[in-house]
Q: 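Have a look at the structure that comes next, please.
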There are 2 protein chains.
Amino acid sequence: MLPFAPLDSAAWSERLRETGLKSTSGRVAALEHLSTHPHTTANEIHTALTKELPALTLQSVHNIVQDLTAHGIIRRIDPLGPGGARYETRTDDNHHHLQCVRCGRIEDIDCAVGAAPCLTPHSTHGMRILQADVTFRGVCGECDKRPQP
Amino acid sequence: MLPFAPLDSAAWSERLRETGLKSTSGRVAALEHLSTHPHTTANEIHTALTKELPALTLQSVHNIVQDLTAHGIIRRIDPLGPGGARYETRTDDNHHHLQCVRCGRIEDIDCAVGAAPCLTPHSTHGMRILQADVTFRGVCGECDKRPQP
DNA sequence: ATCTTATTTTGAATGAATCAAAATTGCTGG
DNA sequence: CCAGCAATTTTGATTCATTCAAAATAAGAT
């Protein structure tokens with residue numbers, strides 16, 4: 001079970017309108033997919049939605065994730081390594097990530113503190129700190145069983 | 001003053017050979033540039049070195065940063081937003097980053113704990129944690145003065 | 001000095017993301 | 001319910017970062 005129940009399409013529509021954005025089938029479908037499949041790329045979203053929305057183009061998916069990111073409805077992450085940007089719908093809970101250094105898999109992990117910023121640096125270089133992004137790197141169970149290549 | 005004195009070219013040559021890599025002018029120049037200009041892209045390295053090494057191609061710089069990363073001599077970071085991968089020579093001190101959300105500038109910041117992992121998550125999803133990557137996001141002094149666009 | 005092999009160059013190709021203009025769709029007010 | 005405006009998507013092309021393969025070169029060992 002996900003820590004946050006994924007919203008249904010009506011709820012996503014409402015959220016879009018509240019934010020001043022139009023509710024379109026592409027946006028709602030992308031949000032539904034992202035909430036059940038976190039950390040997916042624009043490409044993966046497009047592939048997944050092409051069955052129910054054959055007309056939706058990859059460029060539109062790029063537009064969608066960019067617009068939604070700019071309005072704070074989704075969050076962009078740029079994981080280490082190849083593969084491009086990934087997106088997620090959990091934006092306000094200050095959660096963190098676990099990434100396997102072998103297979104690249106990403107998992108969510110709740111923040112111990114909860115509120116952002118959950119850490120504060122010693123010296124800030126004159127910067128006003130808003131939040132701390134934490135990514136734990138390690139080796140996942142699957143990859144740990146397998147001998148290294 | 002940098003927290004770690006940048007190595008001179010002889011020292012970088014030695015470090016390369018110790019690692020089992022050949023010491024080439026491109027690699028040494030890239031390492032010298034990276035140690036004095038942290039968080040630069042392959043493109044920026046190439047542009048900076050083109051004066052002293054006109055024959056060095058961008059593809060070679062990509063080869064170089066990839067090889068050096070694979071051997072742990074430099075570290076790759078993928079900052080949020082556009083612009084591609086960046087690299088740095090500080091690999092063993094478990095330091096963290098500050099990134100301005102407006103201009104994208106990145107600064108180094110020493111880790112409070114020092115040894116990796118400096119944080120441990122509550123639930124690990126069965127993953128063996130090696131280190132914690134922390135990036136503080138905020139608004140730098142420069143951008144805070146300027147009114148928002 | 002030469003030989004072996006790693007590295008760089010050359011030239012081309014891929015993949016992610018962006019841009020501009022035309023077509024379409026959602027939503028507002030009549 | 002229909003018309004009209006504006007936001008959004010599509011279409012088509014382009015840019016940028018990165019990778020690939022084969023040929024040329026240079027580093028370091030013998």
Side-chain angles (χ1 to χ4, degrees), chain A residues 9-10 12-31 33 39-50 52-71 73-74 76-87 104, chain B residues 9-10 12-31 33 39-50 52-71 73-74 76-87 104:
Chain A
S9 69
W12 281 124
S13 285
E14 200 183 318
R15 179 112 160 71
L16 285 165
R17 293 203 200 86
E18 279 170 9
T19 319
L21 295 172
K22 288 183 178 172
S23 166
T24 67
S25 55
R27 283 177 175 170
V28 172
L31 284 167
H33 185 77
H39 322 126
T40 47
T41 65
N43 239 311
E44 289 166 350
I45 296 171
H46 176 243
T47 303
L49 299 187
T50 201
E52 51 171 314
L53 295 175
L56 187 71
T57 63
L58 176 58
Q59 289 89 322
S60 293
V61 177
H62 277 289
N63 284 340
I64 288 170
V65 292
Q66 192 172 276
D67 290 347
L68 297 183
T69 302
H71 288 84
I73 299 179
I74 63 176
R76 168 179 171 150
I77 60 181
D78 282 83
L80 265 192
R86 294 180 175 273
Y87 299 88
Chain B
S9 69
W12 282 124
S13 285
E14 201 184 316
R15 178 112 159 71
L16 285 165
R17 292 203 201 86
E18 280 170 9
T19 319
L21 295 172
K22 289 183 177 173
S23 166
T24 68
S25 54
R27 284 176 175 172
V28 172
L31 283 167
H33 184 76
H39 322 128
T40 46
T41 64
N43 238 312
E44 289 166 351
I45 295 170
H46 176 243
T47 303
L49 298 186
T50 200
E52 52 172 313
L53 294 175
L56 187 72
T57 63
L58 175 58
Q59 290 89 324
S60 293
V61 176
H62 276 288
N63 284 340
I64 288 170
V65 292
Q66 192 171 276
D67 289 348
L68 297 182
T69 303
H71 288 83
I73 298 178
I74 64 177
R76 168 178 173 152
I77 59 180
D78 283 82
L80 264 193
R86 295 180 174 273
Y87 299 88

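Quick caveat, the model's predicted, so the values are computed rather than measured. Numbered from 1 within each chain, the chains take letters A, B, ... in sequence-line order.
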Q: Where each residue is assigned the nucleotide of DNA chain D containing its nearest heavy atom, which of B:Gly83 and A:Ser25 is assigned the position nearer the 5′ end?
A: A:Ser25

Q: Within the 4.5 Å heavy-atom criterion, are B:Asp78 and A:Pro79 side-chain neighbours or not?
A: no

Q: Can you find a pair of side-chain heavy atoms, one from A:Ile77 and one from A:His39, that are under 4.5 Å apart?
A: yes

Q: Check every strand shown and say whether A:Leu58 touches a base, only sugar-phosphate, or nothing at a heavy-atom separation below 4.0 Å.
A: nothing

Q: Base, sugar-phosphate, or nothing: which does A:Ser23 touch, judged by heavy atoms less than 4.0 Å apart?
A: sugar-phosphate

Q: 5' to 3' on DNA chain C, which nucleotides open and close the contacts with chain A (atom under 4.0 Å from a heavy atom)?
A: C:dA16 to C:dC27

Q: So, for B:Pro82 and A:Arg76, which heavy atoms are closest and what is the spacing to 0.1 Å?
A: N-NH2, 4.5 Å

Q: Please examine the side chains of B:Val61 and B:Leu49, heavy atoms only from C-beta on, and report whether any two atoms are closer than 4.5 Å.
A: no

Q: Under 3.5 Å between N/O atoms: give me all the protein pairs with nucleotides 11-16 of chain D, atom names plus distance.
A:
none

Q: For the side chain of A:Arg27 and the backbone of A:Lys22, is there at least one donor-acceptor N/O pair under 3.5 Å apart?
A: yes

Q: For the helix from C:dA1-D:dT30 to C:dG30-D:dC1, what angle lies between the axis at the first five pairs and the axis at the last five pairs, to 10 degrees?
A: 40°

Q: Show the nearest heavy-atom pair for residues B:Leu31 and B:Ile74, with the distance to one decimal.
A: CD2-CG2, 3.6 Å

Q: CG of A:Leu56 versus P of D:dT8: gap in Å, rounded?
A: 15 Å

Q: If you pin B:Arg86 and B:Thr24 to their nearest nucleotides in DNA chain D, which one's is more 5'?
A: B:Arg86

Q: Nearest whole angstrom, please: distance from the C1' of D:dA17 to the CD1 of B:Ile45.
A: 13 Å

Q: Do A:Ile45 and A:Ile64 come within less than 4.5 Å of each other through their side chains, counting heavy atoms only?
A: no

Q: Mind calculating the distance between CG (A:Leu21) and P (D:dA6) to the nearest angstrom?
A: 17 Å

Q: Would you mind reporting whether A:His33 and A:Glu44 have side-chain heavy atoms less than 4.5 Å apart?
A: no

Q: How many Å lie between CH2 on B:Trp12 and P on D:dA27, as a whole number?
A: 20 Å

Q: Starting at CG of A:Leu53 and ending at P of D:dT8, how long is that distance when rounded to a whole Å?
A: 17 Å

Q: If you count heavy atoms of other groups shown closer than 6.0 angstrom to CD of A:Glu14, is the number above 12?
A: no

Q: Round to a whole Å and report the spacing from CZ of B:Arg27 to P of D:dA27.
A: 11 Å

Q: Specify the closest pair of heavy atoms between A:Leu56 and A:Gly26, including all atoms of both residues, with the distance to one decimal.
A: CD1-CA, 4.1 Å

Q: Nearest-Å distance, CD (B:Gln66) to P (D:dA21)?
A: 13 Å

Q: Within the 4.5 Å heavy-atom criterion, are B:Leu21 and B:Leu68 side-chain neighbours or not?
A: yes

